[in-house]
Amino acid sequence: MSAPTPIRFTRYDPKSLAEIEGHLAIVVTPEGTMDQAARSANRLTKGAVARLIASDSFAKAKTGQVVTLAWPAGLAAEALHVLVLPRRLDQATARKAGAKLAEARGSAALTVKAGNMTRAADLSLGIALRGYSFDAHKSAKSDELGEVVICHNKPEEIEAAYQPLQAVAEGVHMTRNLVNEPANVLTTTEFASRLADMTKIGLEVEVLEEAELEKLGMRTLLCVGQGSASPSKVVVMKWNGGAKDAAPLALVGKGVVFDTGGISLKPAAGMEDMTMDMGGAGVVAGTMRALALRKAKANVVGLVGLVENMPSGTAIRPGDVVTSMKGDTVEIINTDAEGRLVLCDVLWYAQERFKPAGVIDLATLTGAIIIGLGHDNAGVFSNDDTLCNAFLKAAAQEDEGAWRMPLGQSYDDQLKSNIADMKNVGGRPAGSITAAQFLQRFIQEGTPWIHLDIAGVASVKSNTSYAPKGATGWGVMALNRLVQDTYEDL
Ligand code: BES
Ligand code: MN
Ligand code: ZN
């Protein structure tokens, strides 16, 4: 399992440039201008940096790229990374450059000669985000990560700016660890216990067991887990960093630890990917972790529905009718449309108990959103333009793709049932929208709400800018930013 690499900030390194071991990084502008450290590296390597700047590969190198000199003569370092960065840096460029550096260094120790770099904290966040590997289940343990040292002319300033970003990196790593974990390890019980562990960082955590859920009337949630040997649970995480009487923001996550489809069984090919079907709950957990670690001045409550969707003699059947906590009845047409059944009860419970100022749910809800938006954007559905625009802005600022989708009466009409208040599926057309319409039926009048369908972005099959293939942690940064910008009384 992985945690963000510790990063040390210092003004003077105890060693001279020539003596620094491991990997060394210097900065050169796209025009080829060297700063002080780059000039000394150039002197020590007898002009290798200048030759690199004059080369074709440098001419082709774009802003944010890393060009590496291996085993540079004149230096103790094994590798000299030349970071191509302009003097004026934006946040995303700095983070991506950090991520590139993290990739280039592998597990070697890394010293970055950042000089006066603005955004050195963002460069550090990039290093922390990209420096991730999930090797909990490999017998050959990967090499211990070497130290990262950022040499900067104002180290205290950069370190202070990095502190809340490190909290975010911790949250992202937690989400990835949960999403990457196989379902035989991350059972509902194990998931709940990892969340309960977060009392150590100041969260209040409650675990609601099946008997309590039954008492509350959460039959739609419970019916999803009734074919599994693992007990269904709802976990409530509270962070009270804001004013005593301020209504909280509620984050609600789908936590299906494995989705076989149930009696409406999924095909075998690719079913192993359904270990990530707790991705929404994973993002809620990681966000709560980030908020607690940086002591956010806001009230936020995270709720996750933890269940396993299995076929068995006790499983729910197509055609069955169940009653939700709200009281509405649902005809189960397809047991594989289980996420909405879990969420509708948790959404209702969250509103009844917390009277939240806003509700944001996250779920790997539909394959249809992958057809619509691929792996670059999550689907965003909302009944409130103000909240929705604030979220879209936060996501854009954090470089997390998000695209708003429509809602509307005619989509809702697709959910009409002959024998109950609604069906749990609306047919093939607009599958992601009818899923969102199903959820909206459980949102109370006047409650601002966003539904994020993260089926395409929670886990991907190739490397992204900030993560190796597998779980991305998408959403932790955007939600953290949203809380910071719209809920914190600063
Ligand atoms: N967990 C799946 C959605 C999903 C698909 C997530 C691919 C990640 C990758 C969800 O529970 C599901 O099975 N949805 C069905 C709904 C259908 C039966 C209406 C789907 O998308 O096919
Ligand atoms: Mn399903
Ligand atoms: Zn599912």
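We count ligands from 1, going down the list as the structure has it; atoms in each ligand are counted the same way.
Considering backbone and side-chain atoms together, V425 places no N or O closer than 3.5 Å to any N or O of ligand 1.
Counting only N and O atoms by type, the side chains of T187 and T189 include no donor and acceptor under 3.5 Å apart. Residues R428 and Q414 have side chains that never bring a donor and an acceptor to within less than 3.5 angstrom of each other. Side-chain atoms of S410 and D413 form no donor-acceptor pair, as typed in the model, at a separation below 3.5 Å. Side-chain contact of Q437 with Q409: a donor-acceptor pair under 3.5 Å is absent, judged by distance alone.
For atom 7 (C) of ligand 1, the nearest protein heavy atom (residue, atom name, distance) is M274 CE, 3.6 Å. In this structure, atom 16 (C) of ligand 1 lies nearest to the protein heavy atom R340 NH2, 4.1 Å. When only non-hydrogen protein atoms are considered, atom 17 (C) of ligand 1 lies nearest to A337 CB, 4.4 Å. Nearest non-hydrogen protein atom to atom 18 (C) of ligand 1 is N334 ND2, 3.4 Å. Residue, atom and distance of the protein heavy atom nearest to atom 2 (C) of ligand 1 are D259 OD2, 3.6 Å. Closest protein heavy atom to atom 20 (C) of ligand 1: G367 N, 3.9 Å.
Heavy atoms of N424 come nearer than 4.0 angstrom to ligand 1 in no pair at all. Ligand 1 is never approached by M278 to a heavy-atom distance shorter than 4.0 Å.
The closest approach of E338 to the Zn ion (ligand 3), by N/O/S atoms, is made by OE2. E338 contributes atom OE1 as its closest N/O/S atom to the Mn ion (ligand 2). The minimum distance between the Zn ion (ligand 3) and any N, O or S atom of D259 involves atom OD2.
Counting the atoms of ligand 1 from 1 in the order shown, those under 4.0 Å from a heavy atom of E338 are 11 (O). Taking a cut-off of under 4.0 Å to the non-hydrogen atoms of K254, the atoms of ligand 1 that pass are 1 (N), 10 (C), 11 (O).
Paired with V252 under the rule side-chain contact (heavy atoms from CB on, under 4.5 Å), one option of L439, V359, L362 passes, and it is V359.
Taking the Mn ion (ligand 2) as the corner point, the angle from D336 atom O to D259 atom OD2 is about 170° (rounded to 10 degrees).
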- Query: What do the steps show when you test T260 against N309 for side-chain hydrogen bond (donor to acceptor under 3.5 Å, both in side chains), and what is the final call?
  - Reply: CA-CA 6 Å; T260 63; N309 188 18; 5.0 Å; no
- Task: Take D399 and Y466 through the test side-chain hydrogen bond (donor to acceptor under 3.5 Å, both in side chains) and record every step on the way to the result.
- Result: CA-CA 10 Å; D399 216 3; Y466 302 114; 2.9 Å; yes
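When D336, T260, D277 are ranked by how near their heavy atoms come to atom 12 (C) of ligand 1, first place goes to D336. Residue nearest to atom 10 (C) of ligand 1, selected from I370, L365, T366: L365 (by heavy-atom distance).
Per-atom contact check: atom 14 (N) of ligand 1 touches the protein, criterion being a heavy-atom distance below 4.0 Å.
Here K254 reaches the Zn ion (ligand 3): one of its N/O/S atoms is less than 2.8 Å from the metal. At a cut-off of 2.8 Å, D277 is counted among the residues with an N, O or S atom near the Zn ion (ligand 3). The nearest N, O or S atom of D277 is not closer to the Mn ion (ligand 2) than 2.8 Å.
Side chain of D135 to backbone of K138: no donor-acceptor contact under 3.5 angstrom is found. Checked by atom type and distance alone, the side chain of N389 pairs as donor or acceptor with a backbone atom of D385 at under 3.5 Å.
In this structure, W449 and H451 have parallel ring planes: the angle between them is below the 30° cut-off, well short of the 60° mark.
Taking OG from S324 and CZ from R441, the interatomic distance works out to 11.0 Å, rounded to the nearest 0.5 Å.
A cation-pi arrangement is present between R176 and Y132, with the terminal nitrogen or guanidinium carbon under 6.0 Å from the aromatic centre and inside a 45° cone about the axis.
Between A394 and A478, the shortest heavy-atom contact is CB-O, 3.5 Å.
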